[in-house]
Amino acid sequence: EEGADQTGTSGYEWHVDPIDGTTNFVYDLPTWTCSVGVRRGGVSVAGAVYVPMLGEMYAAAAGHGATLDGEPITASPLTDASLALVAVGFAYSPDVRIAQARMLREVIGSVRDVRRLGAASYDLCLVAAGRVDAYYEVGLNSWDVAAGEVICREAGAVTSDWSGGPLRPAQLLAAAPGVHADLVRLLTSAAEAMP
């Protein structure tokens with residue numbers, strides 16, 4: 001969990017985050033989660049994200065779809081990025097947050113609105129459930145995204161880095177398929193505008 005590492009022989013990697021959204025937990029805000037993801041060959045193949053204060057359980061396994069409390073979920077059908085509700089995360093480092101705020105200034109006028117909820121695994125699940133249309137962040141770790149990423153993919157969302165390449169925890173975009181390409185262009189342009 002969060003950096004502890006023990007090598008096994010099964011070929012499966014377990015990425016566990018018992019409290020994703022630690023600041024939310026400390027302040028008694030409801031959007032913190034318990035997240036468990038399983039990866040094989042560098043790809044997330046199963047995941048579960050539980051939101052204790054809301055009583056919500058998101059889950060998925062590769063090839064079997066995604067669920068919320070046992071019911072199937074799907075990403076938003078939105079195709080117009082200007083109407084997208086976008087979740088965004090911010091780093092702990094003040095210098096990085098300042099840079100992220102500058103980038104957000106470039107993004108916010110091109111989408112419907114933004115939300116900052118404070119737990120990457122929950123943000124990914126909201127994309128999977130179609131509650132938000134996209135989520136982006138930088139500087140995450142494998143345990144932040146392993147479970148939520150497979151839940152997104154199995155719900156029909158597209159996950160990538162900001163250039164549309166393979167997802168990297170250090171640079172993540174998860175979006176409804178109809179707006180993913182537009183958000184790649186928007187984030188790439190916004191990142192280029194950074195000093």
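Because only heavy atoms are used, hydrogens play no part in the values below, and waters and symmetry mates are left out as well, while side chains stay in. Numbers for residues simply follow the sequence, beginning at 1.
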query = Which distance, rounded to the nearest 0.5 Å, do you find between the CZ of Arg185 and the NE2 of His180?
reply = 10.5 Å
message = Going by ring-ring contact (aromatic ring centres under 6.0 Å, His included), name the residues that satisfy it together with Tyr136, two or more places apart in sequence or in a different chain.
response = Trp162
ask   = Do the non-hydrogen side-chain atoms of Val49 and Ser35 ever get within less than 4.5 Å of each other?
value = yes
request  = Rounded to the nearest 0.5 Å, what's the gap from OG on Ser110 to CG on Asp182? Could you check?
outcome  = 10.0 Å
inquiry  = For Arg112, give me all partners under side chain to side chain contact (heavy atoms under 4.5 Å, CB included), at least two apart in sequence or on another chain.
reply    = Leu83
inquiry  = Using a 3.5 Å distance criterion without hydrogens, assess whether the side chain of Asn141 forms a donor-acceptor pair with backbone atoms of Trp143.
reply    = no
request  = Mind checking the CD-CG spacing from Glu71 to Leu68? Nearest 0.5 Å is all I need.
outcome  = 8.5 Å
key: Stepwise side chain to side chain contact (heavy atoms under 4.5 Å, CB included) check, Leu187 with Val184   = CA-CA 5 Å; Leu187 290 175; Val184 163; over 6 Å; no
query = Between Leu186, Val158, Leu183, which is the residue that forms a side-chain contact (heavy atoms from CB on, under 4.5 Å) with Leu173?
reply = Leu183
query = Where the side chain of Arg168 meets the backbone of Ser160, is there a donor-acceptor pair that is under 3.5 Å apart?
reply = no
inquiry  = Any heavy-atom pair between the side chains of Val51 and Thr31 that's under 4.5 Å?
reply    = no
message = For the residue pair Gln100 / Arg97, report whether a side-chain donor-acceptor contact shorter than 3.5 Å exists.
response = no
remark   = In short, Ala75 meets Ala157 closest at the heavy-atom pair CB-N, 3.8 Å
inquiry  = Is there a path of hydrophobic side-chain contacts, each under 4.5 Å between heavy atoms, that joins Val88 and Val107?
reply    = yes
ask   = Looking at Val179 and Ala81, what are the two nearest heavy atoms and their distance?
value = CG1-N, 3.7 Å
ask   = Heavy-atom distance under 4.5 Å between the side chains of Val111 and Leu85, does that happen here?
value = no
ask   = Short question: side chain of Ser76, backbone of Leu78 - any donor-acceptor pair under 3.5 Å?
value = yes
Cut-off 3.5 Å, no hydrogens considered: what does the side-chain donor-acceptor table look like for residues 117-127, sequence neighbours left out?
unit_1	atom_1	unit_2	atom_2	d
Ser121	OG	Asp20	OD2	2.7
Ser121	OG	Thr33	OG1	2.5

Using atom types as modelled, flag every donor-acceptor pair under 3.5 Å from a side chain in residues 53-60 to any protein atom, sequence neighbours excluded.
unit_1	atom_1	unit_2	atom_2	d
Glu56	OE1	Tyr58	OH	3.0
Glu56	OE1	Arg131	NH1	3.3
Glu56	OE2	Arg131	NH1	3.1
Glu56	OE2	Arg131	NH2	3.3
Tyr58	OH	Arg131	NH1	3.0

note = Closest non-hydrogen atoms of Ala155 and Ala128, given as atom of the first, atom of the second and distance, are CB-O, 3.3 Å
ask   = For the hydrophobic clusters of this structure (ILVMFWY residues joined by side-chain heavy atoms under 4.5 Å, transitively), does one cluster hold both Val16 and Val45?
value = yes
ask   = Is it true that a side-chain atom of Arg39 and a backbone atom of Gly42 form a donor plus acceptor pair closer than 3.5 Å?
value = yes
ask   = Is there a side-chain contact between Asp161 and Leu172 (heavy atoms, below 4.5 Å)?
value = no
query = What pairs of residues pass the ring-ring contact (aromatic ring centres under 6.0 Å, His included) test when at least one of them lies in residues 8-29, not counting sequence neighbours?
reply = Phe25-Trp32
inquiry  = For Arg153 and Glu149: C-alpha separation, side-chain torsions, deciding distance, then whether salt bridge (Lys or Arg N to Asp or Glu O under 4.0 Å) applies.
reply    = CA-CA 6 Å; Arg153 276 190 292 111; Glu149 193 270 336; 2.7 Å; yes
request  = List for me each residue that meets salt bridge (charged side-chain N to carboxylate O under 4.0 Å, His left out) alongside Glu154, sequence neighbours excluded, and say none if there are none.
outcome  = none
